[in-house]
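Read through the structure below, which is laid out as structure tokens, and then see the notes.
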Amino acid sequence: MGRVQGKVAFVTGAARGQGRSHAVRLAEEGADVIAVDFCEDISTIGYPMATPEDLEETAALIEKTGRRAVTAKADVREATQLKTALEDGIAQLGGLDIVVAQAGVAGMKGQPPLQAWIDVINTNLIGTINAIQVSLLHLKEGASIIATGSTAALMDTHQKNDPGNDPGGMAYVHSKRALSAYVHDLATELAPRGIRANVVHPTNCNTNMLQSEPMYKSFRPDLEKPELKDAEPVFYVQQAMKVPWVEPEDISNAVLWLASDEARFVTGAQLRVDAGGYLKWYDYHN
Ligand SMILES: NC(=O)c1ccc[n+]([C@@H]2O[C@H](COP(=O)([O-])OP(=O)(O)OC[C@H]3O[C@@H](n4cnc5c(N)ncnc54)[C@H](O)[C@@H]3O)[C@@H](O)[C@H]2O)c1
């Protein structure tokens, strides 16, 4: 208990899935949370986003731990919305120590409309940068920034026809690669100021993004309408350990560690929580 006691965390995409899990885990360990989410569907993304009720549920779960929650409906693609939400949260909670920039969408493989490419890049890459940019002037020595990448950013995507070789589609892969490079350079810039920045790379994670018809189709392109039972056996290709996915809490524990002072000298890391998936693709020297 108390690993981030008295700190304030800003979490994007906090209404459900990994974002909710991170927000609640940080609260369990003593942080107050500014929790934001778009809470609207995106027409080019083939599965529903979170709802306002989901965001309320996140706030209730944070408050159940005894910590404070400030919520706002904000679209990470719009920096001004994030800035307003963050500054309102800081005014209520008294500061900012932890940034978890993790809202994201998957646009799937094949030939999606160009608008899907734009929405994925704008949410995953520009949205992550926006969340960090609006936070920077509020961060002091000891602060920690954590962005969510994906093992998709680390995969060799040349084998175009392998099921699961570009989960979420090429815009997704590209957005996560670019945000990884951005955080690497940001960490270099911030290190002399005592502010850390790291990327967590989840493998398949048991959330609505993975448990969606478009993702099942991405792993089972041979079937017209694949279901969980069809996709689950193929989900194992992403991991070396014998699991189809990890749970949001597995990612939250990595986020919590990076947020805490236990990781006070860890910066610029690309931390894989991937049940060994990377080991299947690369030799040590790569
Ligand atoms: N689930 C996986 O298998 C997996 C694997 C690797 C990485 N990731 C990444 O993890 C992160 C969290 O995804 P998840 O698995 O919890 O999926 P999810 O779909 O359950 O959660 C994503 C959340 O982001 C919100 N969101 C989407 N667009 C937004 C926008 N423009 N502005 C604000 N909020 C927005 C959604 O409403 C939702 O609450 C994403 O960055 C995703 O790319 C997921």
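All residue numbers refer to positions in the sequence shown, counting from 1. When a ligand or atom number is given, it counts from 1 through the structure's own listing order.
Within the structure, ligand 1 has Lys176 among the residues with a heavy atom less than 4.0 angstrom away. Not a single heavy atom of Ser212 sits under 4.0 Å from any atom of ligand 1. Under the 4.0 angstrom criterion for non-hydrogen atoms, Val105 is in contact with ligand 1.
Each of the atoms 16 (O), 20 (O) of ligand 1 lies under 4.0 Å from some heavy atom of Gly17. Less than 4.0 angstrom separates some heavy atom of Asp75 from each of these atoms of ligand 1: 30 (C), 31 (N), 32 (N). Every atom of ligand 1 is numbered from 1 in the order shown, and the set under 4.0 Å from a heavy atom of Arg77 is 31 (N). When each atom of ligand 1 is checked for a heavy atom of Ala74 under 4.0 Å away, the hits are 32 (N), 33 (C).
Here the heavy atom of the protein found nearest to atom 20 (O) of ligand 1 is Arg16 NE, 2.9 Å. The protein heavy atom nearest to atom 3 (O) of ligand 1 is Cys205 N, 2.8 Å. Of the protein's heavy atoms, Thr207 OG1, 3.4 Å lies nearest to atom 14 (P) of ligand 1. For atom 22 (C) of ligand 1, the nearest non-hydrogen atom of the protein is Gly104 O, 3.7 Å. Protein heavy atom closest to atom 13 (O) of ligand 1, with residue, atom name and distance, is Gln18 NE2, 3.9 Å. Of all protein heavy atoms, the one closest to atom 6 (C) of ligand 1 is Pro202 O, 3.2 Å. At the shortest separation from atom 12 (C) of ligand 1 among protein heavy atoms lies Gln102 OE1, 3.1 Å. Looking only at heavy atoms of the protein, atom 43 (O) of ligand 1 is closest to Tyr172 OH, 2.6 Å.
Taking the six-membered ring where the residue is Trp, His174 and Trp117 present parallel rings, their angle staying beneath 30° rather than reaching 60°. Classification of the Tyr278-Trp281 ring pair by plane angle, with boundaries at 30° and 60°, yields perpendicular.
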Salt bridge (Lys or Arg N to Asp or Glu O under 4.0 Å) evaluation trace for Asp119 with Arg77:
CA-CA 9 Å; Asp119 291 336; Arg77 295 170 291 182; 3.6 Å; yes

Asp32/Arg67 under salt bridge (Lys or Arg N to Asp or Glu O under 4.0 Å): CA gap, chis, key distance, verdict
CA-CA 5 Å; Asp32 294 328; Arg67 302 310 306 187; 3.1 Å; yes

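For the pair Tyr282 (side chain) and Leu154 (backbone), a donor-acceptor distance under 3.5 Å is present. Although no hydrogens or angles enter the test, the distance criterion places no donor-acceptor pair under 3.5 Å between the side chain of Asp274 and the main chain of Thr203. A donor-acceptor pair under 3.5 Å is absent between the side-chain atoms of Lys73 and the main chain of Val36, judged by distance alone. When atom types are taken as modelled, the side chain of Glu213 and the backbone of Tyr47 share no donor-acceptor pair closer than 3.5 angstrom.
No hydrogens or angles considered: nothing links the side chains of His201 and Ser150 as a donor-acceptor pair under 3.5 Å. Judged purely by distance below 3.5 Å, without hydrogens or angles, the side chains of Asp54 and Thr51 pair a donor atom with an acceptor atom.
Contacts between Asp54 and ligand 1, counted as non-hydrogen atom pairs separated by less than 4.0 Å, are absent for every part of the residue. Contacts of Thr123 with ligand 1, taken as heavy-atom pairs under 4.0 Å, involve the side chain alone.
Taking 4.5 Å as the limit, every side-chain heavy atom of Ile195 sits out of range of all side-chain heavy atoms of Glu141. With a 4.5 Å cut-off on side-chain heavy atoms, Glu247 and Cys205 do not count as touching. Using a 4.5 Å heavy-atom cutoff, the side chains of Lys7 and Glu29 are not in contact.
Between Asn204, Asn122, Thr203, it is Thr203 that holds the heavy atom closest to atom 5 (C) of ligand 1. Nearest residue to atom 30 (C) of ligand 1 from Phe38, Tyr47, Phe235, Trp245 is Phe38 (criterion: closest heavy atom). For atom 23 (C) of ligand 1, the nearest non-hydrogen atom from the set Gly13, Pro248, Ala15, Gly19 comes from Gly13.
Polar contact with ligand 1: present for Ala50 (N/O pair, distance under 3.5 Å). For the pair Asp37 and ligand 1, the shortest N or O to N or O distance falls below 3.5 Å. Every N/O-N/O distance between Met49 and ligand 1 stays at or above 3.5 Å.
Between the CG atom of Leu96 and the CD1 atom of Ile145 there is a distance of 9.0 Å, given to the nearest 0.5 Å.
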